[in-house]
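Heads up: the structure comes next, in structure tokens.
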Protein chains: 2
Amino acid sequence: MSTITEVSKLAGVSLATVSRVMNGTENVREATKEKVLAAMKELGYRPNAAARSLASNKSNSVGMMVSELHGPFYGPMMSGAERAIRTAGKQFLIVASHADEEQEKKAIEYLLSCQCDALILHCETLSDEYLESLETGDTEVILINRMVKSMHDNCLSIDNVQGSFLATEWLIKHKHNNIACLLGPQVKHDARERFWGYQQALAKYNIPFRPELIEQGEFTQDDGYRVANILLNKNTDLTAIICGNDEMAFGAIQAVNEHGLNVPDDISIIGFDDVSFCAMITPTLSSVINPAYDFGVEAASRILKRVYNIEPKFSTSKPISEVNVPDLVIRESVRELE
Amino acid sequence: MSTITEVSKLAGVSLATVSRVMNGTENVREATKEKVLAAMKELGYRPNAAARSLASNKSNSVGMMVSELHGPFYGPMMSGAERAIRTAGKQFLIVASHADEEQEKKAIEYLLSCQCDALILHCETLSDEYLESLETGDTEVILINRMVKSMHDNCLSIDNVQGSFLATEWLIKHKHNNIACLLGPQVKHDARERFWGYQQALAKYNIPFRPELIEQGEFTQDDGYRVANILLNKNTDLTAIICGNDEMAFGAIQAVNEHGLNVPDDISIIGFDDVSFCAMITPTLSSVINPAYDFGVEAASRILKRVYNIEPKFSTSKPISEVNVPDLVIRESVRELE
DNA sequence: TTGTTTAATGTAAACCTTTTCATTTTTCAT
DNA sequence: ATGAAAAATGAAAAGGTTTACATTAAACAA
């Protein structure tokens, strides 16, 4: 691989001039510029990112951490952020943490050691204290789906309690009384918040909380299926199920069908996140909107402004603030009782 | 941020020793090691990846390029590769190219300038010559969904022609004669190959090729819907539609439904790729398996072996060779005619 | 012990840029 | 034409690590 030195020799100028041409920052005479560009081309020169970053103490890259690289929720979130960052000419790195504490820490360490200028994190296990400690460095950090009060301006999330409350309330208002709840893993704060929203709604309408209507599982289709079966086997009177997320809801629909019951005629189901397949499955799934794509775009936009002083070219479909009031989308999977 | 020098001073040893402790390569006395580790911890030392990569000419990272970060096909592909790479303790970088030639080149340039030790590329627009030129460097390159003869051992793909042939043949064998074809964008080689497989099957069974049964669109649900409508408006006798991929197929199902027709009673539909939602929608979608996850794992495994001399811990569910014979999964979206 | 081999550690150059500061060249007003 | 100011360029240090080579300390045999 050729280096800047070789380019400078071929072009008959100094290192510094080649660097200036590359970065386009300072004045270089047009004739010189062309000589350098020609030399670069001839040698197939490609700047060494490591050396640049070492010398400049900047990497021109933004790192993102997500739990998984696949899945209907993370995909749009990554895409949104990527689009905004790349359009601004900055580089974008992604690492997956698999929602494991140690791996989350390692992933962040890695992004930091890459000298990322900013970080976008969707973390599931890390404590507020750990996240706060990240702020002490000079790397901008934005958290998605998480609210740490002391980092308020750097957090983007929806009000999970409110979202779950809305979903439950809709069911209550439409005459459902025996509403089951398929919880996500309660080690995750969003799963806990969603549970709390359910409880709040019951309380508001004076509906007794029945522990037998609660089951907990992973945020997956398989576990939704498994856990919904448990629920259906022990309860014959339930008319609706609120699910921790859409994947679980889809598993629940399968379980309901296998029990010879119909969604929504026998049982109404509401998911959470409103991922793309909600509108694809049969019946279409009612859900609480969690605007993953917009969160990605918004996170990136804030970074572009704050770190690079660039006015972002993309904007979100609707304004995104720190804590967003979620909307409920009603589709075929629910019905009102008389 | 603290540096290796500060660590060495605090521990009372030389730079070299700290480096040796970090890398664990050479002999260091146990007592010394502990001193160094303690100093690192005390300072919160984090190695500078740029400096390491510059000095060692290695980055311990593998780069991947995909067209999009979201979507049911790329997600599993990224996940498979990521899992294998990270388990081996190497780092994993992803960039998106948006299936645009210039952006694909830029993305690759970026990964190379990051000194990635190896590249996994899913490219759509680049020429064989360009890809061959990448091989001249000392960076290992693996191509997914692409076969360049001169790089045979570095390519992983399915036989698209064969896949499409199988799907078409199934329909023919089950008495379908008027089989329409929803093509993907013919600038993409896989879309072209799939078209070719369709033609081959017709030819083999002496079914005349009817241009009015062919429409071309993007590989998206929206375009599948749009293009299927065109097809349905001008053809009243078709009984089956072969689609360029699963997204298009889903769009086609919607179009068929809106025309007051039923899948599969009136029209049979087969997709391509067998992404996860095939089994989730109604009717479940028949498709040709394109093992994205396994391709990711296999690509990573080959790199681990060749570049790092590490025996990979993960293996694919079934053996993956360079060009794989695809399987057809028959689900509810097709029926046999009498 | 003494000398020899091996293990542990240290020194300093190298990796490729950026960037400060100094120097040279150009421009332009007089 | 002259000098001052501005623009263009160059020289060299700095950035944090690895690693070849040199040195010192430990281990061990005689």
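Lettering follows sequence order; numbering is per chain, from 1. Source: prediction; values computed, not measured.
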**Q.** Helical bend (five base pairs per end, nearest 10°) for the helix from C/dT1-D/dA30 to C/dT30-D/dA1
**A.** 30°
Q. Considering only side-chain heavy atoms of A/Met22, which listed nucleotide, C/dT9, D/dT9, C/dT18, is closest?
A. C/dT18
Q. What integer distance in Å separates B/Leu43:CG from D/dG16:P?
A. 13 Å
Q: Report, as yes or no, whether the 6.0 Å neighbourhood of atom NZ on B/Lys58 holds more than 12 heavy atoms from other residues, nucleotides or ligands.
A: yes
**Q.** Flag side-chain contact, heavy atom, 4.5 Å: B/Phe295 against B/Ile158
**A.** yes
Q. Within less than 4.0 Å of OP1 or OP2 of D/dG16, is there a side-chain N or O belonging to B/Thr3?
A. no
Q: Let me know the distance between NZ of A/Lys9 and P of D/dG10, rounded to the nearest Å.
A: 14 Å
**Q.** B/Glu101 with B/Lys105: basic N within carboxylate O range, under 4.0 Å
**A.** yes
Q) Just how far, in rounded Å, is P of D/dT17 from CG of B/Asn60? A) 15 Å
**Q.** Listed nucleotide nearest any side-chain atom of A/Asn27, set D/dG10, D/dA26, D/dA8
**A.** D/dA8
**Q.** Ionic contact status for B/Asp128 with B/Lys149, cut-off 4.0 Å
**A.** yes
(Q) Using OP1 and OP2 only, check whether a side-chain N or O of A/Thr32 sits under 4.0 Å from D/dT9. (A) yes
Q.
Can a donor-acceptor pair be found, under 3.5 Å and without considering hydrogens, that links the side chain of B/Ser8 to the backbone of B/Val18?
A. no
Q. Over how many whole Å does the gap from A/Met40 atom CE to C/dC16 atom P extend?
A. 15 Å
Q. Under 4.0 Å between a side-chain N/O of A/Ser19 and OP1 or OP2 of C/dT18, yes or no?
A. yes
Q.
Take a 6.0 Å sphere around CG of A/Asn309 and say whether it holds more than 12 heavy atoms from other residues, nucleotides or ligands.
A. no
**Q.** B/Ala16 side chain, from C-beta outward: closest of D/dA20, D/dT17, D/dA8
**A.** D/dA20
Q: Could you go through the side chain to side chain donor-acceptor pair (under 3.5 Å) check for A/Glu135 and A/Asn154 one step at a time?
A: CA-CA 10 Å; A/Glu135 280 227 303; A/Asn154 292 334; 2.5 Å; yes
Q) Do A/Glu322 and A/Arg302 meet the salt-bridge criterion of a basic N to acidic O distance under 4.0 Å? A) yes
Q: Tell me what B/Val18 touches on the nucleic acid: a base, only sugar-phosphate, or nothing, going by heavy atoms under 4.0 Å.
A: nothing
**Q.** Protein-nucleotide distance (B/Glu30, atom CD; C/dA7, atom P), rounded to Å
**A.** 16 Å
(Q) Please compare A/Leu15 and A/Lys33 by the position of their nearest nucleotide in DNA chain D and report the one closer to 5'. (A) A/Lys33
Q: Using modelled atom types only, decide if a donor and an acceptor are shared between the side chain of B/Asp117 and the backbone of B/Asn60 within a distance under 3.5 Å.
A: yes
Q. Hey, can you pull the residues of residues 44-58 of chain A with a non-hydrogen atom under 4.0 angstrom from DNA chain C?
A. A/Tyr45, A/Arg46, A/Pro47, A/Asn48, A/Ala51, A/Arg52, A/Ala55, A/Ser56
Q. Does any pair with a residue in residues 91-100 of chain B pass side chain to side chain donor-acceptor pair (under 3.5 Å), and if so which ones, sequence neighbours excluded?
A. A/Glu82-B/His98, B/Glu68-B/His98, B/Arg86-B/Gln91
Q.
Rounded to whole Å, please give me the gap between CD in A/Gln115 and P in C/dT18.
A. 15 Å
Q) Between D/dT19 atom C1' and B/Arg20 atom CZ, what is the distance in whole Å? A) 9 Å
Q: For A/Thr17, report the nucleic acid contact type (base, sugar-phosphate, nothing); a contact means any heavy atom under 4.0 Å.
A: sugar-phosphate
